[in-house]
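Below, chain A is the first sequence line, B the second, and so on; all start at residue 1.
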Protein chains: 2
Amino acid sequence: MEKARSPFKTALQKQEEREEKRMALLHAAAVMFNAQGFHATSLDDVAASLGISKPTIYHYLGNKEQVLFECLTIGLDQLFAAADKARAEIGTGMDRLRIFLTNYFFINIDDFGRCVILSGDDTLSPEGVKNLRAMKRRVDTALRALIIEGIDDGSITAVDPKITAFTLAGAMAWPARWYSKTGPTPPDAMAAQIVDSLMTGLAPR
Amino acid sequence: MEKARSPFKTALQKQEEREEKRMALLHAAAVMFNAQGFHATSLDDVAASLGISKPTIYHYLGNKEQVLFECLTIGLDQLFAAADKARAEIGTGMDRLRIFLTNYFFINIDDFGRCVILSGDDTLSPEGVKNLRAMKRRVDTALRALIIEGIDDGSITAVDPKITAFTLAGAMAWPARWYSKTGPTPPDAMAAQIVDSLMTGLAPR
DNA sequence: ATTGCAATCTACTAATGAGTAATATATAAT
DNA sequence: ATTATATATTACTCATTAGTAGATTGCAAT
């Protein structure tokens with residue numbers, strides 16, 4: 001027999017509710033940071049957009065910089081997870097690079113990923129910048145590794161991995177600035193077009 | 001016989017002095033906007049960096065948004081001039097595209113060009129955004145024209161001009177975020193590497 | 001001389017927004 | 001019952017900063 005639905009919450013449920021609220025706050029903040037920029041967004045506005053008051057944000061997340069830092073961490077974690085997953089895939093280096101870049105695109109046009117691209121390093125404290133840089137470096141390293149593996153197995157033409165990683169990252173980051181999911185070209189199609197175009201450039205000849 | 005150097009200035013000299021001061025103000029503002037972001041930079045700070053007071057900025061430039069708008073206009077004018085010049089050059093479409101992109105790089109790592117890339121559209125009033133968009137579109141149009149000319153004369157492989165223009169723009173914009181002129185790789189070398197890498201991708205096969 | 005204009009300052013205002021203190025309520029634990 | 005903890009609020013403080021008013025100085029033209 002099922003337990004009757006009870007209004008009395010278990011510890012686990014409360015934990016989950018808290019986490020859900022935390023995420024809702026972060027998401028609301030990310031959206032507003034992306035739309036208006038970090039400094040132009042007040043925590044009062046973020047709170048108001050969820051129908052709550054500012055101190056509640058402090059209760060769940062701490063100060064404004066921490067809010068941003070959490071958003072960036074989520075975005076970067078997504079990128080890193082995508083890199084890990086792509087690297088574990090079977091296929092040539094180019095195959096796996098294509099998979100990674102496609103997901104890179106999806107993450108970059110998502111709220112937390114956009115945050116990573118749109119926030120300048122300048123917004124954080126020196127401490128925060130250091131942590132952020134380290135996370136970004138991990139993603140860059142993974143990207144380079146994929147390129148190198150492709151060169152080694154002959155699926156990618158001989159290029160400079162470092163420069164190539166930068167140009168690819170730049171090309172993938174740019175859409176965060178202008179692409180709208182609700183525009184004429186749906187995300188899948190846009191990702192395919194951009195990634196195809198880049199892959200053509202990297203194909204052996 | 002030469003005129004004696006006189007401390008009494010002609011109208012022209014005064015005009016020039018004014019213009020020089022105006023530019024010095026814009027440059028100082030651009031540098032600080034790039035380093036800390038628009039909203040995190042106060043006009044008091046900009047003024048202080050030149051040893052003057054805030055009202056002087058208002059005397060020369062008007063309000064804060066106008067200061068930014070001027071900076072952006074200068075950067076975009078530089079880009080457009082580079083495009084014009086490249087298009088007037090002789091050589092294949094690819095040759096001219098290479099010339100344009102190389103200069104695009106130099107402009108983008110310069111103070112006013114950086115401003116264009118680092119400032120989100122969000123910072124300006126709706127009016128300003130409209131003007132800015134129009135200027136950006138002109139540059140994008142020129143870039144696409146070069147790509148199309150290259151495809152037509154066979155110096156560039158058949159690609160989608162729109163998508164290619166976006167990926168190129170993204171790849172060229174990215175260095176504004178991380179490249180430092182005083183780092184290990186000098187601007188010329190960095191430009192050459194990046195542009196070469198992109199051109200390889202566009203070469204016919 | 002006087003009037004006007006350009007450049008610059010000091011000293012304000014008015015608004016905004018980060019962060020906190022004190023408080024209220026509800027639930028959970030003892 | 002009582003005490004502690006989590007959630008959320010109102011109502012502040014304090015610092016920052018865009019923008020302005022008004023004064024000052026000096027040069028230039030009449």
Looking at [X], does any N or O in its side chain come under 4.0 Å of the phosphate oxygens OP1/OP2 on [N]?
X	N	result
A:S53	D:dT9	yes
B:R18	C:dA7	yes
A:H59	D:dT7	yes
A:S42	C:dT16	no
B:Y60	C:dT8	yes

For the pair made of [atom1] in [X] and [atom2] in [N], what is the distance, rounded to whole Å?
X	N	atom1	atom2	value
A:Q66	C:dA18	CD	P	14 Å
B:N63	D:dG19	CG	P	5 Å
A:L61	D:dA8	CG	P	12 Å
A:Q15	D:dT5	CD	C1'	14 Å
A:R22	D:dT7	CZ	C1'	15 Å
B:E19	C:dA6	CD	C1'	16 Å
B:D44	D:dA18	CG	P	7 Å
A:D45	C:dG19	CG	C1'	16 Å

Checklist entry - Is NZ or CZ of B:R138 both nearer than 6.0 Å to the six-membered ring centre of B:F80 and within 45° of the ring axis? => result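 Yes.
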
Checklist entry - Honestly, is B:K64 close enough over B:F69, meaning NZ or CZ under 6.0 Å from the six-membered ring centre and within 45° of the axis? => result no

Check whether the side chain of [X] and the base of [N] form a donor-acceptor pair under 3.5 Å.
X	N	value
B:K21	C:dA7	no
A:K54	C:dG17	no
A:K64	C:dG19	no

Next on the checklist: Using the side-chain heavy atoms of B:P55, tell me which of these nucleotides is nearest: D:dA18, D:dT10, D:dA21.
Outcome noted: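 When the side chain of B:P55 is considered, D:dA21 is the closest of D:dA18, D:dT10, D:dA21.
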
Item to check | Separation of B:M199 CE from B:S155 OG (nearest 0.5 Å) | outcome: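 Output value for this atom pair is 9.5 Å.
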
Item to check | Flag, side chain of B:E70 to backbone of B:L61, donor-acceptor distance under 3.5 Å | outcome: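 No, the answer is negative, given that no donor and acceptor are paired below the 3.5 Å cut-off.
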
Checklist entry - What about the rings of A:W178 and B:F166, do their centers lie closer together than 6.0 Å? => result yes

